[in-house]
Asker: 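Handing you a structure now.
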Amino acid sequence: MKAKCQIWSEAPEIGIPDQPALMSDAERLWLSYAIAPSSHVYAVVLFTGIIDHRLSPINDEGLGQHPYAAAGLQFYSFQEILGSEEAKSWELLGATHWVVTFKDVTLDVIARGVAVLAADLEAKNAKSALLEFLANENLDR
């Protein structure tokens, strides 16, 4: 099967040009980013069963450099890569390959699950939104 991008419609639309914030432990990755059209309202997304993740300096102008650009990657969006080689290598673990494209960076995540935890956090930036959210959450769940 040839790799193909599919937009994840549950994720709030990505705001431009704000930078995302990330935090991870051995099993989870939290992502915070501004949602459109506001630049002061943030979403928090949690990836679970983390296998791999990387934040690369592939920006909107260089999106064609991403290994899955030909699969239909789109600007400023949250996408699942169906049929990616990375997900195939970990299919016994139920892995999914996600690509999140921002103005100045691109996030690739191989994980077993993903969920939107918040979509209405008011903060001055993504890092503040994530830290405030995590301070009020039970991280053991």
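In this chain, residues are counted from 1 in sequence order.
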Asker: When you look at Val44 and Leu31, which way does the side chain to side chain contact (heavy atoms under 4.5 Å, CB included) test go after all the steps?
Answerer: CA-CA 6 Å; Val44 174; Leu31 165 67; over 6 Å; no
Asker: Taking 4.0 angstrom as the limit, do Glu91 and Lys88 come out as a salt bridge?
Answerer: no
Asker: Measure the CD1-OG1 distance between Ile110 and Thr96 for me, rounded to the nearest 0.5 Å.
Answerer: 8.5 Å
Asker: For Tyr68, which residues count as a ring-ring contact (aromatic ring centres under 6.0 Å, His included) partner, sequence neighbours excluded?
Answerer: His97
Asker: Going by heavy atoms in the side chains, are Val45 and Trp30 under 4.5 Å from each other?
Answerer: no
Asker: Which heavy atom of His53 sits nearest to which heavy atom of Ile50, and what is that distance?
Answerer: CD2-CG2, 3.8 Å
Asker: Mind checking the OG-CG spacing from Ser32 to Leu134? Nearest 0.5 Å is all I need.
Answerer: 9.0 Å
Asker: Work out which heavy atom in Val41 is nearest to a heavy atom in Ala119; give both atom names and the distance.
Answerer: CG1-O, 4.0 Å
Asker: Please evaluate residues Thr48 and Glu27 with respect to the criterion side chain to side chain contact (heavy atoms under 4.5 Å, CB included), reporting the C-alpha separation (whole Å), side-chain torsions for both, the decisive distance (0.1 Å), and the verdict.
Answerer: CA-CA 6 Å; Thr48 55; Glu27 301 170 351; over 6 Å; no
Asker: Answer yes when Arg54 and Glu86 have at least one side-chain N-carboxylate O distance shorter than 4.0 Å, and no when they do not.
Answerer: yes
Asker: Measuring from Phe102:CZ to Ile58:CD1, what's the distance to the nearest 0.5 Å?
Answerer: 13.5 Å
Asker: Of all the heavy-atom pairs spanning Phe47 and Ala111, show the shortest one and how long it is.
Answerer: CB-CB, 4.2 Å
Asker: Hey, is the main chain of Val100 close enough, under 3.5 Å, to the side chain of Tyr33 for a donor-acceptor pair?
Answerer: no
Asker: Please report the shortest heavy-atom distance between Ala129 and Tyr42, naming the atom on each side.
Answerer: CB-CB, 3.6 Å
Asker: If you draw a 6.0 Å radius around CH2 in Trp8, do more than 12 non-hydrogen atoms from other residues or ligands fall strictly inside?
Answerer: yes
Asker: Same cluster or not: are Leu46 and Ile35 linked, directly or through other Ile, Leu, Val, Met, Phe, Trp or Tyr residues, by side-chain heavy atoms under 4.5 angstrom apart?
Answerer: no
Asker: Hey, what do you get for CG (Asp108) to CG (Asp52), rounding to the nearest 0.5 Å?
Answerer: 8.5 Å
Asker: Show, in sequence, the C-alpha distance, side-chain angles and deciding distance for Val99 and His66, and conclude whether the side chain to side chain contact (heavy atoms under 4.5 Å, CB included) test is met.
Answerer: CA-CA 10 Å; Val99 176; His66 191 280; 4.0 Å; yes
Asker: Find the distance between OG (Ser77) and CD (Glu13) and round it off to the nearest 0.5 Å.
Answerer: 9.5 Å
Asker: On a heavy-atom basis, which atom in Ala3 and which in Ala71 lie closest, and how many Å separate them?
Answerer: O-CB, 3.4 Å
Asker: How many angstroms lie between atom CG of Leu55 and atom OG1 of Thr106, to the nearest 0.5 angstrom?
Answerer: 8.0 Å
Asker: Parallel under 30°, tilted from 30 to 60°, perpendicular over 60°: which one fits the rings of Trp98 and Phe78?
Answerer: perpendicular
Asker: If I compare all heavy atoms of Gln79 with all of Leu73, which pair ends up nearest, and what's the gap?
Answerer: OE1-CA, 3.2 Å
Asker: Mind running side-chain hydrogen bond (donor to acceptor under 3.5 Å, both in side chains) on Asn125 and His40 for me, showing each step along the way?
Answerer: CA-CA 7 Å; Asn125 57 44; His40 297 291; over 6 Å; no
Asker: Decide side chain to side chain contact (heavy atoms under 4.5 Å, CB included) for Tyr76 and Lys103; before the verdict, give the C-alpha distance in whole Å, the side-chain angles of both, and the deciding distance to 0.1 Å.
Answerer: CA-CA 7 Å; Tyr76 322 120; Lys103 172 77 176 146; 3.9 Å; yes
Asker: Would you check if Thr101 and Gln74 make a side-chain contact, meaning some heavy-atom pair closer than 4.5 Å?
Answerer: no
Asker: Might you confirm whether atom CD of Glu122 has over 12 heavy atoms from other residues, nucleotides or ligands at distances under 6.0 Å?
Answerer: no
